[in-house]
*Asks:* 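Here you go, one structure.
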There are 4 protein chains.
Amino acid sequence: MVKKKFTDKQKKILDVAEELIATKGFDATSVRDICSKAGINVAMISYYFGSKEKMMTFLYQYRVQRSKESFSEFAETIKEGKAEMQMKEIINYIVGLLFKYNYFHGFVTQEIRVNDFIKDDLLDFYKICVSRLEEIIKKGIISGVFTNAPKSEDILTNIIGSTLFVIRNKNFYELYLPSATEANYLSEAEKKVKSNLLQTTFALLGFELYV
Amino acid sequence: MVKKKFTDKQKKILDVAEELIATKGFDATSVRDICSKAGINVAMISYYFGSKEKMMTFLYQYRVQRSKESFSEFAETIKEGKAEMQMKEIINYIVGLLFKYNYFHGFVTQEIRVNDFIKDDLLDFYKICVSRLEEIIKKGIISGVFTNAPKSEDILTNIIGSTLFVIRNKNFYELYLPSATEANYLSEAEKKVKSNLLQTTFALLGFELYV
Amino acid sequence: MVKKKFTDKQKKILDVAEELIATKGFDATSVRDICSKAGINVAMISYYFGSKEKMMTFLYQYRVQRSKESFSEFAETIKEGKAEMQMKEIINYIVGLLFKYNYFHGFVTQEIRVNDFIKDDLLDFYKICVSRLEEIIKKGIISGVFTNAPKSEDILTNIIGSTLFVIRNKNFYELYLPSATEANYLSEAEKKVKSNLLQTTFALLGFELYV
Amino acid sequence: MVKKKFTDKQKKILDVAEELIATKGFDATSVRDICSKAGINVAMISYYFGSKEKMMTFLYQYRVQRSKESFSEFAETIKEGKAEMQMKEIINYIVGLLFKYNYFHGFVTQEIRVNDFIKDDLLDFYKICVSRLEEIIKKGIISGVFTNAPKSEDILTNIIGSTLFVIRNKNFYELYLPSATEANYLSEAEKKVKSNLLQTTFALLGFELYV
DNA sequence: GATGAATGAGCATTCATTCAT
DNA sequence: TATGAATGAATGCTCATTCAT
């Protein structure tokens with residue numbers, strides 16, 4: 001797939017499509033829905049992207065690659081810190097990213113019909129996360145602040161898995177968020193899941209956390 | 001909704017439907033797909049269940065209620081054990097259940113169009129899990145084997161979230177399962193995620209684990 | 001078509017079918033509707049009558065032939081009267097018959113898919129009416145009470161046409177029936193249309209009516 | 001309902017639909033029937049009209065409203081004449097209209113599933129006819145050409161009822177039309193029913209007719 | 001580039017009927 | 001004689017896509 005620059009109209013389509021697909025699912029979102037909400041002609045999705053499925057591909061590319069890029073930028077900003085600070089920052093960053101694009105990441109792993117190389121794109125992102133975590137754990141072990149060295153793919157699994165579960169299971173998790181309302185569920189849940197994951201991860205690492 | 005006994009033919013339909021829906025999603029799975037794979041006439045789904053959506057309802061009932069029941073039975077069997085043994089067993093049980101019905105639980109929280117009382121059914125299941133975990137943690141704290149008392153909803157979140165993530169992200173997790181093949185990915189992944197979750201949970205509980 | 005004796009169960013089916021078909025139309029009335037309302041198995045209509053359409057045939061036969069028979073009986077009873085009395089009676093009789101079986105006669109001429117010999121049956125009935133009217137008119141002309149001899153097919157056309165129009169166009173005709181309610185529309189309309197047709201017919205016949 | 005201009009293709013569909021529905025009934029006429037006869041794609045009915053039922057609505061609108069308009073225009077043209085001439089003209093006009101759109105008016109009052117406001121449209125038409133008849137009768141009574149004043153709703157009932165009966169009962173009425181063939185039944189029947197209704201109506205009005 | 005009319009394949013569902021019992 | 005499960009054809013409709021402009 002050639003990387004593509006999108007015009008404003010195309011970006012508009014992708015934004016609308018993302019929102020609708022995240023809300024209703026890929027199949028339940030019709031080209032007509034997207035186009036009417038985006039204020040453009042029904043034929044334009046085929047015209048611009050070739051097909052609905054190919055549009056989906058561009059949508060993934062549009063989001064996942066941006067996530068990867070922004071993650072790389074973020075990683076730079078914490079390069080100099082201590083391992084425990086870096087770990088805290090990276091957890092907060094990943095969780096924050098998932099919440100920010102909650103209506104996107106949620107279905108990335110669900111919708112199957114998407115071209116494989118898109119999964120590769122996402123896989124790349126996960127692999128970058130794993131190697132960053134790896135570096136941080138090694139650093140913490142060497143500096144002595146971490147006494148245990150769990151597998152970084154398991155740490156990432158816990159982070160992403162728990163976060164997505166919380167995003168997807170509002171009706172469960174809100175039971176334990178007494179002050180959550182319809183409007184602020186996501187921000188309240190984000191706080192709680194970050195706290196949980198920090199505790200969990202530092203416990204695994206054998207790091208005594210004072211939050 | 002009245003609880004229903006299913007004939008073998010109906011069970012066959014539900015099994016096929018479950019697999020296809022889990023693979024392709026609800027909307028992308030046509031009744032023609034299901035019926036042709038189940039070797040029955042297209043009209044039978046409407047005939048047996050009323051409609052495709054109602055079939056979905058029966059499918060949920062068929063799986064979630066059975067999960068609840070079998071969980072209750074399981075909980076009885078570990079009633080007498082020590083807290084650490086109970087915790088280990090319950091983690092293994094929940095993870096095993098999710099893997100066993102992997103192509104079901106994965107989409108329960110995803111598909112929107114499902115009747116609410118079904119979500120309630122699943123919520124019930126989660127609440128039962130949480131209260132069991134609660135009991136075990138209290139018991140372990142009292143007996144002194146656990147030195148830390150994390151929130152049980154967070155423990156459950158980690159267990160289910162991580163497990164579903166692993167089930168759904170084969171192409172990521174298999175990178176860290178060197179001996180995994182196409183055929184045995186799930187069983188290998190199950191072992192690894194169980195090990196991860198036991199470590200993680202016991203670390204959170206401040207329990208020294210010797211596995 | 002062989003004339004058939006119907007069992008009670010078959011008569012039950014025909015009665016239910018007639019009512020439903022008259023209310024909802026032939027196509028909109030399903031075999032399942034009829035059978036469930038008649039308290040019998042879905043397969044019975046095919047079993048008893050061969051098919052839904054053939055059942056329709058029996059239904060016509062069942063009603064139209066009875067109408068013919070009862071008309072013949074009625075005709076006997078007025079054989080001895082004066083022409084003007086006979087005319088009055090026959091108009092009242094025909095209108096009454098149409099109202100009595102309003103939900104049947106109304107659609108006889110509408111539903112096309114019915115076997116032709118059934119139309120013949122109805123045609124027979126009309127022809128009998130015409131010849132009776134013919135006799136009465138002749139008699140009245142001879143006796144001098146009628147001064148004009150309109151075509152009897154036109155008289156019958158007026159009688160049946162006006163009556164069916166009134167039956168079918170409740171929302172129009174009730175505008176001119178101030179005391180009509182939902183419940184008694186048909187009986188009120190029947191009175192008014194009888195009065196109209198008596199006046200009309202006697203006017204045509206040049207007979208001075210004192211009702 | 002917004003009044004709509006139809007394209008030629010839409011008019012083609014409505015014409016075909018009208019004919020088929022009048023012949024076979026609404027339910028028995030499938031959109032596939034209509035589209036294949038109209039030489040267009042099956043999806044076009046939904047595309048143009050929204051649904052089969054909505055198409056029906058447009059069909060009513062297309063015919064009934066035009067009938068109303070053309071009736072109003074016609075009424076203007078006879079404004080200046082004598083009562084007996086007006087009565088003759090209006091009878092001929094109404095009968096002619098019913099014959100012209102014979103395959104439409106026949107089922108207007110029959111099909112149940114049609115939107116109510118459409119029935120209102122037809123009712124409007126009937127009410128306009130009644131009030132015109134009313135005026136003519138009054139005028140004739142005043143000028144002394146009519147000696148009797150029957151109810152105009154009953155006159156209209158006779159006119160429409162008899163005409164529709166003749167249209168619908170070809171196999172009966174053709175018995176009295178010796179020169180009628182398959183091809184010219186309608187025009188022959190129209191002549192005879194007009195003659196009948198003129199005679200009938202003038203008889204009711206006490207007007208001596210010399211046709 | 002951009003439109004909107006038009007297409008044909010596919011959808012879930014309902015139907016009258018048949019078949020095994 | 002009677003059942004109800006099972007069938008296959010038909011239904012109205014929606015869909016992503018194409019085509020003429």
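Bear in mind that the values here come from a model prediction, so they are computed numbers and not experimental data. What's counted below: heavy atoms across the whole structure, side chains too, no hydrogens, waters or symmetry copies. Labels below follow one simple rule: chain letters A, B, ... track the order of the sequence lines, proteins then strands, and each chain is numbered from 1.
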*Asks:* Starting at the 5' end of DNA chain E, which residue's closest nucleotide do you reach first, Ile40(D) or Ile40(A)?
*Replies:*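 The answer here is Ile40(A).
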*Asks:* Quick check: do Leu14(C) and Phe49(C) have side-chain heavy atoms less than 4.5 Å from each other?
*Replies:*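 Of all side-chain heavy-atom pairs linking Phe49(C) with Leu14(C), at least one is under 4.5 Å.
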*Asks:* Looking at CD1 of Ile34(D) and CG of Asp15(D), how far apart are the two atoms once the value is rounded to the nearest 0.5 Å?
*Replies:*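 Rounded to the nearest 0.5 Å, the CD1-CG separation comes out at 12.0 Å.
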*Asks:* What about Phe58(A) and Tyr48(A), are their ring centers closer than 6.0 Å?
*Replies:*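 Between Tyr48(A) and Phe58(A), which both carry aromatic rings, the centre distance is not below 6.0 Å.
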*Asks:* Which residues satisfy the side chain to side chain contact (heavy atoms under 4.5 Å, CB included) test with Lys37(C), sequence neighbours excluded?
*Replies:*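 Lys37(C) satisfies side chain to side chain contact (heavy atoms under 4.5 Å, CB included) with Val16(C), Glu19(C), Leu20(C) once adjacent residues are dropped.
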*Asks:* How many whole angstroms separate atom NZ of Lys12(D) from atom C1' of dA5(E)?
*Replies:*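 The distance from NZ of Lys12(D) to C1' of dA5(E) comes to 17 Å, rounded to the nearest Å.
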*Asks:* Between OH of Tyr60(D) and CD of Glu18(D), what distance do you get to the nearest 0.5 Å?
*Replies:*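 Interatomic distance, Tyr60(D) OH to Glu18(D) CD, rounded to 0.5 Å: 10.5 Å.
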*Asks:* For Ser46(B), what residues pass the side chain to side chain contact (heavy atoms under 4.5 Å, CB included) criterion, not counting sequence neighbours?
*Replies:*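 Testing Ser46(B) for side chain to side chain contact (heavy atoms under 4.5 Å, CB included), a comparison that skips the adjacent residues, returns none.
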*Asks:* List DNA chain F stems (3 or more consecutive Watson-Crick/G-U pairs, under 3.5 Å)?
*Replies:*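 Result, WC/G-U stems under 3.5 Å: E:2-21 with F:2-21.
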*Asks:* Can you list everything that forms a side chain to side chain contact (heavy atoms under 4.5 Å, CB included) with Ser30(C)? Sequence neighbours excluded, please.
*Replies:*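 Only Arg32(C), Asp33(C) meet the side chain to side chain contact (heavy atoms under 4.5 Å, CB included) criterion with Ser30(C).
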*Asks:* Going by side chain to side chain contact (heavy atoms under 4.5 Å, CB included), name the residues that satisfy it together with Ser36(A), two or more places apart in sequence or in a different chain.
*Replies:*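 Partners of Ser36(A) under the side chain to side chain contact (heavy atoms under 4.5 Å, CB included) test: none.
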*Asks:* Tyr48(C) side chain N/O closer than 4.0 Å to the phosphate oxygens (OP1, OP2) of dA2(F)?
*Replies:*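 Checking Tyr48(C) against dA2(F): at least one side-chain N or O falls below 4.0 Å of OP1 or OP2.
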*Asks:* Assign each of Lys9(B) and Gly39(C) to its nearest nucleotide of DNA chain F by heavy atoms, then name whichever residue's nucleotide is nearer the 5' end.
*Replies:*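 Between the two, 5'-proximity favours Gly39(C).
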*Asks:* For a quick check, with a 4.0 angstrom heavy-atom cut-off, what is the B/S/- contact string for nucleotides 16-21 of chain E, read 5' to 3'?
*Replies:* BBB---
